[in-house]
Enquirer: 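Have a look at the structure that comes next, please.
Per chain, numbering begins at 1; letters A, B, ... match sequence-line order. The model shown is predicted, which means the values in this text are computed figures rather than measured ones.
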Protein chains: 2
Amino acid sequence: METYSKKEESQSVLRECGLRVTPQRLAIFDFLRDSKDHPNAEGVYQAVKDRCPAMSLNTVYKNLEAFEQAGLITKFTIGDRQKFHYDPNTKTHPHLLCLSCSMVKDIDAEIQPHVCDLNEALAAQTGHQIHRIEIHLVGVCRECLQAAN
Amino acid sequence: METYSKKEESQSVLRECGLRVTPQRLAIFDFLRDSKDHPNAEGVYQAVKDRCPAMSLNTVYKNLEAFEQAGLITKFTIGDRQKFHYDPNTKTHPHLLCLSCSMVKDIDAEIQPHVCDLNEALAAQTGHQIHRIEIHLVGVCRECLQAAN
DNA sequence: ATATCTGCAAAAGATTTGCAAGGAG
DNA sequence: CTCCTTGCAAATCTTTTGCAGATAT
């Protein structure tokens with residue numbers, strides 16, 4: 001049995017980062033934590049303004065920035081897009097940009113060994129210092145492929 | 001001995017793509033072909049306006065778009081940047097974003113086998129259809145590392 | 001001759017900044 | 001009570017669009 005609800009857990013996480021808990025902040029944070037694709041600011045706004053009518057797009061931006069600074073989420077661009085997307089999973093994993101539905105999805109395949117190989121090859125051969133590796137795939141997601149048949 | 005100069009070759013390439021040859025277009029194309037890092041539109045503009053004073057930033061944008069549509073270059077964003085970068089090498093290879101000098105550099109290491117492994121693993125495990133794979137590294141380039149010592 | 005290209009200016013789209021009022025701790 | 005957060009508006013930055021005149025073929 002759980003001692004704390006999900007909501008209470010989110011509140012603790014935010015407070016530990018020195019962030020005050022407001023209804024808007026909590027709604028954005030909870031939505032992002034549950035999201036499987038990675039919406040941009042507008043997408044977050046559209047999703048949370050239902051549960052939390054007192055919400056402005058600007059507040060979404062400010063909170064996304066606060067979360068990123070706190071290390072709770074990662075901000076990235078993908079493909080030839082100009083918008084930022086936000087991912088609550090900050091460990092290395094690939095993203096797929098679907099050309100059909102325009103969603104950005106996590107790739108859940110077991111690729112860590114390949115990424116490690118790649119990292120070693122790059123470090124050994126190039127002399128650059130590599131902090132982070134981002135793998136972006138462009139294609140068509142499984143769901144869109146199935147829908148097309 | 002070469003039969004055609006580099007300039008004449010560029011002109012042929014452009015004409016074959018159905019693009020008219022103008023001084024501005026040729027300057028942009030030649031600069032991009034020789035560039036090792038991958039500038040954004042502003043960077044291209046600053047570089048070419050010396051050789052070609054009759055040059056506007058807007059012309060740079062229009063030509064970059066024309067080149068991309070012709071498949072001569074690739075347009076991409078990297079890291080948490082909002083600008084587009086342009087690469088005359090359209091085959092799969094990783095890019096490094098240097099946190100020190102802010103340049104975007106090609107990685108010339110031999111990674112093709114690793115990329116192939118990754119591609120196979122992803123295709124087999126995910127069911128997505130993968131058209132293109134982009135590998136972006138964030139770190140510090142060799143030159144900046146050396147300069148720091 | 002005519003369709004394309006250039007350059008200027010304005011528009012568009014995403015994100016950031018400034019500031020006064022409201023709310024959390 | 002004090003500082004942080006919100007929401008509005010305006011500003012900023014990059015890229016795109018519209019249009020008239022110039023140029024390549």
Enquirer: Do the side chain of A/Gln24 and the main chain of A/Ala54 share a donor and acceptor less than 3.5 angstrom apart?
Expert: yes
Enquirer: Can you tell me the distance, in whole Å, between the CD1 atom of A/Ile28 and the C1' atom of D/dT6?
Expert: 10 Å
Enquirer: Looking at DNA chain C, which of residues 59-73 of chain A put a heavy atom within less than 4.0 Å of it?
Expert: A/Tyr61, A/Lys62
Enquirer: Give A/Gln24 one of three labels, base, sugar-phosphate or nothing, depending on what nucleic acid heavy atoms sit under 4.0 Å from its own.
Expert: sugar-phosphate
Enquirer: For residues A/Asp87 and A/Thr74, is any side-chain donor paired with an opposing acceptor at under 3.5 Å?
Expert: no
Enquirer: Centroid-to-centroid, B/His95 to B/Phe76, below 6.0 Å?
Expert: yes
Enquirer: Taking atom P of D/dC4 as reference, at what distance in whole Å does atom CG of A/Leu19 sit?
Expert: 11 Å
Enquirer: Answer with yes or no whether the hydrophobic clustering places A/Val104 together with A/Phe31; edges join I, L, V, M, F, W, Y residues whose side-chain heavy atoms lie under 4.5 Å apart.
Expert: no
Enquirer: Is it true that a side-chain atom of B/His93 and a backbone atom of B/Lys91 form a donor plus acceptor pair closer than 3.5 Å?
Expert: yes
Enquirer: Using rotation axes that map the C1' atoms of four end pairs onto the next four (five pairs an end), what angle separates the end axes of the helix from C/dA1-D/dT25 to C/dG25-D/dC1, to 10°?
Expert: 40°
Enquirer: What heavy-atom pair brings A/His38 and A/Pro88 nearest, and what distance separates the two atoms?
Expert: ND1-CD, 4.2 Å
Enquirer: Find which nucleotide of DNA chain D each of B/Asn40 and A/Pro23 is nearest to by heavy atoms, and output the residue with the more 5' nucleotide.
Expert: A/Pro23
Enquirer: With heavy atoms of chain A within less than 4.0 Å as the criterion, where does contact along DNA chain C begin and end?
Expert: C/dA14 to C/dG25
Enquirer: Could you pick out which residue, B/Arg20 or B/His85, lies toward the 5' side of DNA chain D when each is mapped onto its nearest nucleotide?
Expert: B/His85
Enquirer: Ion pair present between B/Lys105 and B/Glu143, side-chain N to carboxylate O less than 4.0 angstrom?
Expert: yes
Enquirer: Between atom NZ in B/Lys83 and atom C1' in D/dT16, what is the gap in whole Å?
Expert: 17 Å
Enquirer: Categorize A/Arg15 for me: base, sugar-phosphate, or nothing, with a 4.0 angstrom heavy-atom threshold over every strand shown.
Expert: sugar-phosphate
Enquirer: Looking at A/Leu64, A/Asn58, A/Val60, A/Thr59, which hits side chain to side chain contact (heavy atoms under 4.5 Å, CB included) with A/Lys62?
Expert: A/Asn58
Enquirer: Check for a donor-acceptor pair, side chain of A/Arg25 on one end and backbone N or O of A/Arg20 on the other, with a separation under 3.5 Å.
Expert: yes
Enquirer: Whole Å only: how far is the CG atom of A/Asn58 from the P atom of D/dT6?
Expert: 10 Å
Enquirer: Round to a whole Å and report the spacing from CE of A/Met55 to C1' of D/dG7.
Expert: 11 Å
Enquirer: Is NZ or CZ of B/Lys75 both nearer than 6.0 Å to the six-membered ring centre of B/Phe84 and within 45° of the ring axis?
Expert: yes
Enquirer: Among B/Ile78, B/Leu96, B/Leu97, find the one that has a side chain to side chain contact (heavy atoms under 4.5 Å, CB included) with B/Leu137.
Expert: B/Leu96
